[in-house]
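Numbered from 1 within each chain, the chains take letters A, B, ... in sequence-line order.
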2 protein chains.
Amino acid sequence: MVTLAEVAQHAGVSASTVSYVLSGKRSISTTTRQRVEQSIRELGYHPNAGARALASSRSNIIALMIPLRTDMYVPVMMEIAIAVATTARLHGYDVLLLTGEEGPDAVRRVTGSGLADAMILMDVELEDERLPLLRQTDQPSVLIGLPASTSGLTCVDLDFGATGALCVEHLAKLGHRDIAVVGEAPAVYERHTGFAERTLDGLRSRAREVGLRVLHRPCEGGYDAMAVTLARIFDERPGTTGFVVQNESAVEPLLALLRQQGRAVPEDVSVVAICPDQVAVQASVRLTSVAIPAQEMGRYAVEHLVAKLDGRGSDEVVLIAPELTVRASTGPAPAGS
Amino acid sequence: MVTLAEVAQHAGVSASTVSYVLSGKRSISTTTRQRVEQSIRELGYHPNAGARALASSRSNIIALMIPLRTDMYVPVMMEIAIAVATTARLHGYDVLLLTGEEGPDAVRRVTGSGLADAMILMDVELEDERLPLLRQTDQPSVLIGLPASTSGLTCVDLDFGATGALCVEHLAKLGHRDIAVVGEAPAVYERHTGFAERTLDGLRSRAREVGLRVLHRPCEGGYDAMAVTLARIFDERPGTTGFVVQNESAVEPLLALLRQQGRAVPEDVSVVAICPDQVAVQASVRLTSVAIPAQEMGRYAVEHLVAKLDGRGSDEVVLIAPELTVRASTGPAPAGS
DNA sequence: ATTCGCTGTCGAAGCGCTTCGACAGCCTAT
DNA sequence: ATAGGCTGTCGAAGCGCTTCGACAGCGAAT
């Protein structure tokens with residue numbers, strides 16, 4: 001393994017000079033710099049990460065905590081993870097993958113050991129156990145999601161409240177009076193994941209304003225669960241003509257079931273989904289949807305952290321405005337309803 | 001930040017003693033050990049990762065390289081990543097997430113800098129550019145996937161050759177004579193990803209043995225692409241009664257299209273999928289499928305690496321035997337065919 | 001009683017890097 | 001001609017840990 005000292009010797013300069021060439025923290029003459037860079041290339045030198053971390057108290061690693069469970073939004077998670085990893089590399093950082101399993105202990109471990117310089121947390125609950133720790137450490141962090149109180153925290157998320165409202169507005173404008181919300185799995189509500197509740201709140205309050213009736217039903221993904229949920233919905237509100245689907249793994253089953261029951265989309269029933277665009281366009285009916293901007297959130301999280309680590313930037317909460325794209329799954333409410 | 005020295009002072013022992021308590025590499029009297037452990041707890045000590053890595057040349061980190069592209073098997077990737085992270089933690093390792101984007105450079109960077117002690121590579125191509133580097137470094141690695149030559153490498157993968165054969169056998173036994181294979185996206189074949197080709201080979205050679213005709217068509221995921229592909233298939237081989245689907249994002253579209261065309265599954269047409277069990281049971285028809293053992297592969301990869309880092313274990317290629325689960329999407333070939 | 005071999009603990013060196021203060025040499029302003 | 005200010009380079013200290021050799025103390029074997 002090639003060391004700094006060997007590079008220095010090869011280039012005929014001192015170790016500190018090589019270090020300054022690498023970091024750019026002091027000015028170096030062009031000739032010296034080139035000589036050093038040449039030596040680095042010839043010897044195939046890579047700085048030792050541990051030594052660097054020890055001396056500088058900087059690991060150049062960002063920790064990403066993803067939920068262990070796979071009961072929701074797998075593609076979204078993946079997209080965020082990839083955006084985080086890619087953006088981090090652009091700024092010279094690597095990404096450490098933590099699962100939610102360890103919970104608060106993972107936060108303690110990472111901040112205590114200097115494993116990472118900063119953290120990104122996903123799957124944030126309203127009263128998340130990890131928050132107190134984040135508030136008291138001076139390590140920067142970004143939440144992807146929105147807890148009950150955001151004081152002293154930085155968060156990014158889609159504005160799910162506005163998203164819910166937007167879906168309602170769209171359906172209301174088309175003349176629908178009775179809509180059903182196919183929500184996330186019950187477990188998601190039970191652990192008070194912010195986004196699911198906020199969607200519902202936004203949706204209900206706008207519905208009240210525009211005089212629209214809303215029936216909300218949590219739903220596991222998959223065909224069988226959706227079949228049961230759908231039956232209940234039509235049982236309770238036979239006049240339902242609009243659907244808002246938040247659980248993306250319920251989208252395709254819903255479409256299939258409606259088709260099977262002879263209800264045409266969008267002639268008889270309209271469907272709005274909250275899902276990544278890719279899912280919306282690959283579905284069997286091109287879905288009117290509000291996109292989940294996974295990449296944007298991942299990128300933002302990293303860039304905010306990098307800014308903070310560079311001494312720029314401050315705490316803030318960024319709610320991304322939802323955009324609804326009209327595709328082929330929504331249309332005017334049928335006359336008779 | 002609490003240091004080893006502070007713990008030592010608090011416990012009234014030397015720093016090295018604390019270190020030995022932590023590592024267990026020398027025997028320590030019970031009383032001393034307890035005193036030290038008490039101090040560690042009281043002070044909330046966490047060893048500094050950089051210092052530890054520097055002194056021991058061990059980072060306790062395993063690098064996981066996942067493909068950047070999301071054109072295939074997102075849930076499988078995610079499942080593997082989570083299994084890797086979870087298993088790694090069990091053995092005291094953390095996971096560094098690398099994207100395929102950097103290619104061979106990532107391998108160089110990681111081995112050169114001592115960032116990680118070992119690597120797991122996914123999305124392996126037959127003649128992967130990263131392989132020469134892996135062969136020449138002494139850092140242990142595991143490939144999830146199978147390249148053209150495995151000498152000097154450790155690999156785990158589902159036995160896709162046997163998987164293809166198994167699918168054919170199942171359909172043959174049910175009396176099907178003409179089957180179609182809905183493959184991965186063309187790009188997957190173009191970059192010579194091993195598993196896709198091996199599936200096809202296994203499938204074709206068994207088909208030859210049992211006298212079955214096979215038509216293979218690559219297919220992007222999604223409804224539109226599947227519609228085009230399906231039309232071509234029936235155009236060319238109207239007598240097709242069996243399908244093997246490798247691209248999991250084509251499964252649901254295929255089922256929907258068949259239904260739409262009035263072809264009943266499994267009465268008129270049988271479908272076998274190669275996909276995670278979760279996908280198979282959540283589909284609109286419970287699918288007869290060969291499972292992709294994502295968790296098992298992830299776990300195996302980590303455990304093999306840990307063994308190697310502990311000086312146990314050796315190079316080997318593990319091909320997991322496929323298991324076909326019969327569900328509701330396959331049945332006897334229709335009489336007239 | 002002396003030697004031998006344990007067990008448990010300590011001190012010190014060193015891992016490879018960053019960074020601070022020092023300073024040589026040169027140019028500009030007086 | 002001299003002082004002052006730059007620019008570019010160097011040496012040394014130190015980051016927090018692991019690990020090696022040394023050795024004190026003790027019981028067992030001679």
Side-chain angles (χ1 to χ4, degrees), chain A residues 1-37 39-40 43-61 92 109-117 309-311, chain B residues 1-37 39-40 43-61 92 109-117 309:
Chain A
M1 177 163 274
V2 192
T3 70
L4 228 216
E6 292 173 297
V7 173
Q9 194 176 2
H10 186 269
V13 297
S14 76
S16 48
T17 300
V18 177
S19 177
Y20 287 123
V21 167
L22 250 28
S23 69
K25 290 191 179 171
R26 285 203 181 172
S27 56
I28 297 285
S29 70
T30 316
T31 61
T32 306
R33 162 179 295 106
Q34 288 175 345
R35 204 141 33 87
V36 169
E37 285 168 349
S39 297
I40 288 176
L43 301 179
Y45 168 70
H46 283 273
N48 180 88
R52 191 168 249 197
L54 178 56
S56 66
S57 320
R58 277 299 188 86
S59 62
N60 287 299
I61 288 181
R109 200 164 58 84
V110 167
T111 61
S113 68
L115 242 185
D117 298 331
L309 290 169
D310 289 353
Chain B
M1 177 161 275
V2 191
T3 70
L4 226 218
E6 292 173 294
V7 173
Q9 194 174 0
H10 185 271
V13 298
S14 77
S16 48
T17 300
V18 177
S19 178
Y20 286 123
V21 167
L22 252 26
S23 69
K25 291 192 179 170
R26 286 206 181 168
S27 57
I28 298 286
S29 69
T30 316
T31 61
T32 306
R33 164 181 293 107
Q34 287 174 345
R35 204 140 34 86
V36 170
E37 284 168 349
S39 297
I40 288 177
L43 301 179
Y45 169 71
H46 283 273
N48 180 90
R52 191 168 249 196
L54 177 55
S56 65
S57 322
R58 277 299 187 86
S59 62
N60 287 299
I61 288 181
R109 199 163 59 82
V110 167
T111 60
S113 68
L115 242 185
D117 298 331
L309 289 169

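The CG atom of B:Asn60 sits 19 Å away from the P atom of D:dG16 (whole-angstrom rounding). In this structure, A:Leu4 atom CG and C:dT19 atom C1' are separated by 12 Å, rounded to whole Å. Spacing between atom CG of A:Asn48 and atom P of C:dG14 amounts to 18 Å, rounded to whole angstrom units. Atom CE of B:Met1 is separated from atom P of D:dC15 by 14 Å (rounded to the nearest Å). In this structure, CZ of A:Arg58 is placed 16 Å from P of D:dG16, rounded to the nearest angstrom. Counting to the nearest Å, the P atom of D:dG16 and the CG atom of A:Leu54 are 7 Å from each other. A straight line from CD of B:Gln9 to P of C:dC10 spans 13 Å, rounded to a whole angstrom.
Between A:Ile61 and B:Leu115 there is a side-chain heavy-atom pair separated by less than 4.5 Å.
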B:Val13/B:Tyr20 under side-chain contact (heavy atoms from CB on, under 4.5 Å): CA gap, chis, key distance, verdict: CA-CA 11 Å; B:Val13 298; B:Tyr20 286 123; over 6 Å; no
With side-chain hydrogen bond (donor to acceptor under 3.5 Å, both in side chains) as the criterion, how do A:Ser16 and A:Ser19 come out once you've worked through the C-alpha distance, each side chain's angles and the decisive distance to 0.1 Å? CA-CA 5 Å; A:Ser16 48; A:Ser19 177; over 6 Å; no
Let me see the working for A:Ser113 and B:His46 under side-chain hydrogen bond (donor to acceptor under 3.5 Å, both in side chains), right down to the final yes or no. CA-CA 5 Å; A:Ser113 68; B:His46 283 273; over 6 Å; no
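Note that the CD1 atom of B:Ile40 and the CZ atom of B:Arg33 stand 11.0 Å from one another [nearest 0.5 Å].
Of all heavy-atom pairs spanning B:Leu43 and B:Glu6, the tightest one is CD1-O, 4.0 Å.
In the region residues 20-33 of chain B, proximity to DNA chain C at under 4.0 angstrom, judged on heavy atoms, holds for B:Tyr20, B:Arg26, B:Ser27, B:Ile28, B:Ser29, B:Thr32.
For D:dT9, the OP1/OP2 oxygens have no side-chain nitrogen or oxygen of A:Ser14 closer than 4.0 Å. OP1 or OP2 of D:dT18 has at least one side-chain nitrogen or oxygen of B:Ser19 nearer than 4.0 Å. For the OP1/OP2 pair of C:dG16 and a distance below 4.0 Å, the side-chain nitrogens and oxygens of A:Arg52 include no atom meeting the criterion.
For CD of A:Gln9, the number of neighbouring non-hydrogen atoms (other residues, nucleotides, ligands) closer than 6.0 Å is 12 at most.
Nearest-nucleotide assignment on DNA chain C puts the 5′-proximal partner with B:Val13, out of B:Val13 and A:Gly50.
Judged by distance alone with a 3.5 Å cut-off, a donor-acceptor contact links the side chain of A:Ser16 to the base of D:dG11.
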